[in-house]
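Scroll down for the structure; my scribbles are underneath it.
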Amino acid sequence: MDNLTIVEDADDAAIADWIARELGQALAATPGPVAITVPGGSTPFPILERLAAAPLDWRRVTVWPGDDRVVPEDHPASNTGRIRALMEPAGAEVVTLTIMEEVPSFALAWLGMGEDGHVASLFPNTDPRIDDPARIRRLTPDPLPPEAPFDRVSLTLPALLDSDRLMFVIRGEGKRRVFDAAVRGENDLPVARLLGAARQPVRCFA
Ligand SMILES: O=C1O[C@H](COP(=O)(O)O)[C@@H](O)[C@H](O)[C@H]1O
């Protein structure tokens, strides 16, 4: 993949700095709002905490969770609740993901990945398609991940691909093996489908 850059051993502060620079450039390029999508789970939150402290015009930034578990926002497993708690005090607008939303084009689509190759909440059993006519779907992972055994709402592949840049943060050897195999086209997991269709720059902090 000519459009892929893998950055190894970057710590949370370095990743937050890189995102802040990207966002700063996107904000400088337009007087209007800038949308980004961010992952949930556990990996992104220390990075988001640092990012929220960056001196950006957060009032022009709309933050979209890339996916969420179907739980109330005050539930500890709610991605949106945790993202909102960090990003709203900085001044950003945080969107609640429902299937009614109009989804914008993103300046940056930041993704995590599960060891099963899922991105956002596009799990292998949900057979995500790059020509999905929907931008947001409600889905049921099968098997249900034991750490978050809930139905999901997720941006779809075309919604994630409608972005100027894609970025992953993946930690651990198991995830790295799955990601590298996807890059080489050796599997057909959701991450491989996304990467296979990506034409924008992709950066993976691994
Ligand atoms: O369930 C989810 O898992 C993935 C991976 O999370 P991580 O903590 O292992 O990085 C995450 O990207 C997704 O947003 C989340 O809902």
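Quantities reported herein were computed from a predicted structural model and do not represent experimental measurements. Just so you know, residue 1 is the first one in the sequence shown, and it goes up from there. Every number for a ligand or one of its atoms is a count from 1 in the order of the listing.
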Quiz item: Are the side chain of Arg165 and the backbone of Pro201 linked by a donor-acceptor contact shorter than 3.5 Å?
Solution: no

Quiz item: In ligand 1, which numbered atoms sit nearer than 4.0 Å to a non-hydrogen atom of Gly112?
Solution: 12 (O)

Quiz prompt | Reference residue Ile136; test side chain to side chain contact (heavy atoms under 4.5 Å, CB included); the match among Leu155, Asp67, Thr156 | solution = Leu155

Self-check item: Side chain proximity check, Pro141 to Arg152, heavy atoms < 4.5 angstrom
Solution: yes

Exercise. For atom 6 (O) of ligand 1, grab the closest protein heavy atom and report residue, atom and distance to one decimal in Å.
Key: Gly41 CA, 3.9 Å

Quiz prompt | Pairs touching residues 25-51 that satisfy side-chain hydrogen bond (donor to acceptor under 3.5 Å, both in side chains), sequence neighbours left out | solution = none

Quiz item: Relative to ligand 1, is Thr43 under 4.0 angstrom through side chain, backbone, both or neither, heavy atoms considered?
Solution: both

Exercise. Identify, by atom number and element, the atoms of ligand 1 in contact range of Arg69, meaning under 4.0 Å from any of its heavy atoms.
Key: 1 (O), 2 (C), 15 (C), 16 (O)

Practice problem: Using a 4.0 Å heavy-atom threshold (strictly under), name the region of Ile170 that reaches ligand 1: side chain, backbone, both or neither. | Solution: neither

Quiz prompt | Closest protein heavy atom to atom 11 (C) of ligand 1, given as residue, atom name and distance to 0.1 Å | solution = Gly40 O, 3.7 Å

Quiz prompt | Under 4.0 Å to a heavy atom of Lys175 - the qualifying atoms of ligand 1, by number | solution = 7 (P), 9 (O), 10 (O)

Exercise. Measure Arg171 to ligand 1 on non-hydrogen atoms and call it side chain, backbone, both or neither using the 4.0 Å cut-off.
Key: neither

Quiz item: Going by the atom numbers of ligand 1, which of them fall below 4.0 Å from some non-hydrogen atom of Asp67?
Solution: 13 (C), 14 (O), 15 (C), 16 (O)

Quiz item: Does ligand 1 have an atom that lies less than 4.0 angstrom from a heavy atom of Glu115?
Solution: no

Quiz item: Got a donor-acceptor contact below 3.5 angstrom from the Arg135 side chain to the Val103 backbone?
Solution: no

Practice problem: Scan for side-chain hydrogen bond (donor to acceptor under 3.5 Å, both in side chains) pairs involving residues 102-114, sequence neighbours excluded, and state none if there are none. | Solution: Ser105-Asp162

Self-check item: Identity and distance of the protein heavy atom lying nearest atom 8 (O) of ligand 1
Solution: Ser42 N, 2.7 Å

Quiz item: Is the closest basic N to carboxylate O distance between Arg171 and Asp12 below 4.0 Å?
Solution: yes

Self-check item: Residue, atom name and distance, where the atom is the protein heavy atom closest to atom 3 (O) of ligand 1
Solution: His118 NE2, 3.2 Å

